[in-house]
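Owing to the predicted nature of the structure, the values given are computational and were not obtained by experimental measurement.
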Amino acid sequence: MRHPHHFGAGILLAVGALLTTGTQAATAEARAATPTTVRTLAATATAQQQARDFWTPDRMRAAAPLDLLAPAAAPGIAQRAGKTSTVAPTAPAQRPGAVSAFPQGGGPWSGGGAVLATSGRVFFTHQGRTASCSGNAVTSHNVSTVLTAGHCVKLKGSWHTNWVFVPGYHDGQAPHGTWAAAKTLATNLWAASESINYDVGAAVVAPLNGRKLGEVVGGQGLKFNGGYNRPMYAFGFPAAAPYDGKQLIHCSGNTTKDFLFTTDHAMTCDMTGGSSGGPWFDSFDESTGAGLQASVNSFGYTFLPNKLYGPYFGDEVKSLYEQAQTA
């Protein structure tokens, strides 16, 4: 049975739960003390190697989305408008591929280009269970920054462990290596109360074999405060039926603003569990596979199948990015 509302460490939004918890969540956010937004994970070379060794090909194949039966939090505080800003891609030249159809409701990416290397699967342990999400390498000062969903680094008040990023993942294989996170981060409002509007996380991965992540796979650009109703491309590694997590899947289309309970972007897309944290691109060039990341796969409503939602990259997400790239 298909469940297109399940994503990554998935969030299933129920109308009743949102209505009953919205006021309390917003109040908690307004009163919250400064949250812990950074988690130090594998700080030593030994710990980093242990995380890499933990994720054998069999464990990667067996890692499952962490589906929830209730929302992590109601929307709470709305986004604040800011000035549009961009960061250019630094992705190295990659093999071009065939141009895909636009719009696309969900299918394997055959377009080639940089996205094949910068996007990848995220693996972690949550409450003793191995689970998966998606992520993407972005241009950064430390040449080591990965963006993903907030619930892919912290969920139900618990930061994930054994966190690794596998760019270019394919059926248990890691063609560009397995990169252990030295630190994971989340937006202030996700760290404080797991507010769905700010479901964005990041990781700073440790060097591998003497090289930094961006030196190996490059980095995509970014766009903050870019507005709504934009043509975008979404990528991820959905692992729940009808997908199996073995390859990169994408959707594309003209996005809209969520008219229900969040300030998220909305796109017609059938990606399922495991796709959470995968990148949404504005100004995406199919011929190069490069673009400006402007969101991540976050959630779907149970009553609106084949719709995917991603948080708006405003000033809060920009602050997260700046914190991560200088960590």
Side chain to side chain donor-acceptor pair (under 3.5 Å) involving Ser283 - partner list, sequence neighbours excluded: none

side-chain contact (heavy atoms from CB on, under 4.5 Å) partners of Ala51, counting only residues at least two apart: Val164, Ala180

Partner set under salt bridge (charged side-chain N to carboxylate O under 4.0 Å, His left out) for Asp171, not counting sequence neighbours: Arg61

Between CE on residue Met232 and CG on residue Leu292, distance to nearest 0.5 Å: 10.0 Å

Donor-acceptor pairs under 3.5 angstrom involving side-chain atoms of residues 210-218: please list them, not counting sequence neighbours.
| from | atom 1 | to | atom 2 | distance (Å) |
| --- | --- | --- | --- | --- |
| Arg211 | NH2 | Glu215 | O | 2.9 |
| Glu215 | OE1 | Lys212 | N | 2.9 |

Within residues 179-230 or reaching into it, pairs that qualify as disulfide bond (SG atoms under 2.5 Å apart) - sequence neighbours excluded: none

Salt bridge (charged side-chain N to carboxylate O under 4.0 Å, His left out): pairs with one or both residues in residues 113-124, sequence neighbours excluded: none

Residue pairs involving residues 202-263 (criterion disulfide bond (SG atoms under 2.5 Å apart); sequence neighbours excluded): Cys251-Cys269

Under 3.5 Å: donor-acceptor pair, side chain of Thr187, backbone of Tyr198: yes

Non-neighbouring partners of Phe284 that pass ring pair (Phe, Tyr, Trp, His ring centres under 6.0 Å), sequence neighbours left out: Trp109, Tyr233, Phe235, Phe281

Non-neighbouring partners of Phe123 that pass ring pair (Phe, Tyr, Trp, His ring centres under 6.0 Å), sequence neighbours left out: Trp55, Tyr169

Linked, directly or transitively: Leu147 and Phe224 (ILVMFWY side chains, under 4.5 Å): yes

Qualifying salt bridge (charged side-chain N to carboxylate O under 4.0 Å, His left out) pairs with a residue from residues 227-256, counting only residues at least two apart or across chains: Arg230-Asp282

Partners passing side-chain contact (heavy atoms from CB on, under 4.5 Å) against His170 (at least two apart in sequence or in another chain): Gln247

Donor-acceptor pair between His151 and Ser276 side chains, under 3.5 angstrom: yes

Under the side-chain contact (heavy atoms from CB on, under 4.5 Å) test, residues paired with Thr40 that sit two or more places apart: Ala43, Lys183

